[in-house]
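Note sheet for the following structure.
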Amino acid sequence: VQLQASGGGLAQAGGSLRLSCAASGRTFSGYAMGWFRQAPGKERMLVASISWSESTPYYADSVKGRFTISRDNAKNTVYLQMNSLKPEDTAVYYCAAPPYPYSDPPYEYYYWGQGTLVTVSS
């Protein structure tokens with residue numbers, strides 16, 4: 001699976017951005033997908049994930065109620081809609097997928113996109 005993340009950029013606090021992750025190479029619809037972020041000097045953390053069946057998504061507490069993960073299997077794309085952005089959301093965002101389709105949580109992520117930078121100004 002090859003993953004290509006896009007959509008990062010500069011936003012003001014309170015603003016919105018939508019990240020996209022385009023997948024190719026294998027049957028996208030069978031894979032759970034996750035969005036991670038890594039802020040300067042911090043460890044990479046899982047922000048949100050969505051199962052292959054689109055059952056209850058997972059959100060980190062820090063983004064719950066502000067971010068929404070979704071997928072469009074026809075377009076082989078997973079999205080992260082980020083609203084009410086805060087300066088602490090500033091990070092490089094990565095999309096990722098487990099090594100095998102139809103995996104059950106907790107997921108081990110194997111395929112990674114290249115990252116897209118999100119900068120939120122106060």
Side-chain angles (χ1 to χ4, degrees):
V1 177
Q2 291 82 45
L3 303 174
Q4 180 76 32
S6 62
L10 177 63
Q12 291 188 333
S16 298
L17 285 173
R18 188 176 80 157
L19 305 184
S20 300
C21 177
S24 61
R26 297 199 179 184
T27 305
F28 170 76
S29 61
Y31 283 84
M33 296 294 297
W35 282 100
F36 288 75
R37 71 185 182 189
Q38 187 167 21
K42 296 188 177 181
E43 293 187 356
R44 187 176 299 186
M45 63 167 282
L46 177 64
V47 174
S49 66
I50 186 168
S51 68
W52 62 271
S53 62
E54 300 186 60
S55 59
T56 305
Y58 163 84
Y59 296 99
D61 287 343
S62 56
V63 307
K64 202 170 292 184
R66 300 187 297 120
F67 290 11
T68 302
I69 188 170
S70 63
R71 63 191 300 157
D72 185 339
N73 289 336
K75 296 183 178 180
N76 286 359
T77 301
V78 63
Y79 304 98
L80 186 68
Q81 178 66 44
M82 306 186 295
N83 299 329
S84 302
L85 284 163
K86 303 176 181 180
E88 51 263 43
D89 295 320
T90 295
V92 178
Y93 285 72
Y94 301 87
C95 56
Y100 305 108
Y102 308 111
S103 300
D104 293 322
Y107 306 115
E108 292 186 17
Y109 291 90
Y110 179 79
Y111 299 104
W112 293 86
Q114 85 288 2
T116 184
L117 176 63
V118 171
T119 303
V120 183
S121 62
S122 57

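Because only heavy atoms are used, hydrogens play no part in the values below, and waters and symmetry mates are left out as well, while side chains stay in.
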Only pairs under 3.5 Å count here: list side-chain donor-acceptor contacts from residues 74-81, not counting sequence neighbours, and write none if there are none.
from, atom 1, to, atom 2, distance (Å)
Thr77, OG1, Lys75, O, 2.8
Gln81, NE2, Asn83, OD1, 2.9

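- Here the options are Tyr109, Tyr94, Tyr58, the test is ring-ring contact (aromatic ring centres under 6.0 Å, His included), and the partner is Phe36; only Tyr109 passes.
- Gln114 contributes atom CD, which lies 8.0 Å from atom SG of Cys21 (distance to the nearest 0.5 angstrom).
- Considering all non-hydrogen atoms of both residues, Ser62 and Arg37 come closest at OG-NH2, 3.5 Å.
- Pairing each heavy atom of Leu3 with each of Ala23, the nearest pair is CD2-CB, 3.6 Å.
- Arg71 approaches Asn73 most closely through the heavy-atom pair NE-OD1, 2.9 Å.
- Using a 4.5 Å heavy-atom cutoff, the side chains of Met82 and Trp35 are not in contact.
- Under a 3.5 Å cut-off, the side chain of Thr116 and the backbone N or O of Tyr93 do not form any donor-acceptor pair.
- In the hydrophobic cluster analysis, where Ile, Leu, Val, Met, Phe, Trp and Tyr join through side-chain heavy atoms closer than 4.5 angstrom, Met45 is grouped apart from Val118.
- Using a 4.5 Å cut-off between side-chain heavy atoms of Ile, Leu, Val, Met, Phe, Trp and Tyr, with links allowed through other members, Trp52 and Tyr59 fall into different hydrophobic clusters.
- One distance of note links CG of Leu117 with CD of Gln38; it measures 12.0 Å at 0.5 Å rounding.
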List the atom pairs, with distances to 0.1 Å, where a side-chain N or O of residues 98-108 and a protein N or O form a donor-acceptor pair under 3.5 Å, not counting sequence neighbours.
from, atom 1, to, atom 2, distance (Å)
Ser103, OG, Tyr100, O, 2.7

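- Residues Ser84 and Ser16 come closest through the heavy atom pair N-OG, 4.4 Å.
- To the nearest 0.5 Å, atom CD of residue Gln12 and atom OG of residue Ser122 are 9.5 Å apart.
- In terms of heavy atoms, Leu85 sits closest to Leu17 at CD1-N, 3.8 Å.
- When the side chains of ILVMFWY residues are joined at heavy-atom separations under 4.5 Å, either directly or via intervening members, Tyr111 and Phe28 end up in a single hydrophobic cluster.
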Evaluation steps, salt bridge (charged side-chain N to carboxylate O under 4.0 Å, His left out), between Lys64 and Asp61: CA-CA 5 Å; Lys64 202 170 292 184; Asp61 287 343; 3.1 Å; yes
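- No chain of hydrophobic side-chain contacts below 4.5 Å, direct or via other Ile, Leu, Val, Met, Phe, Trp or Tyr residues, connects Ile69 to Val92.
- Taking every heavy atom of both residues into account, Tyr31 and Val1 meet most closely at CZ-CG2, 3.8 Å.
- Glu88 CD: more than 12 foreign heavy atoms inside a 6.0 Å radius.
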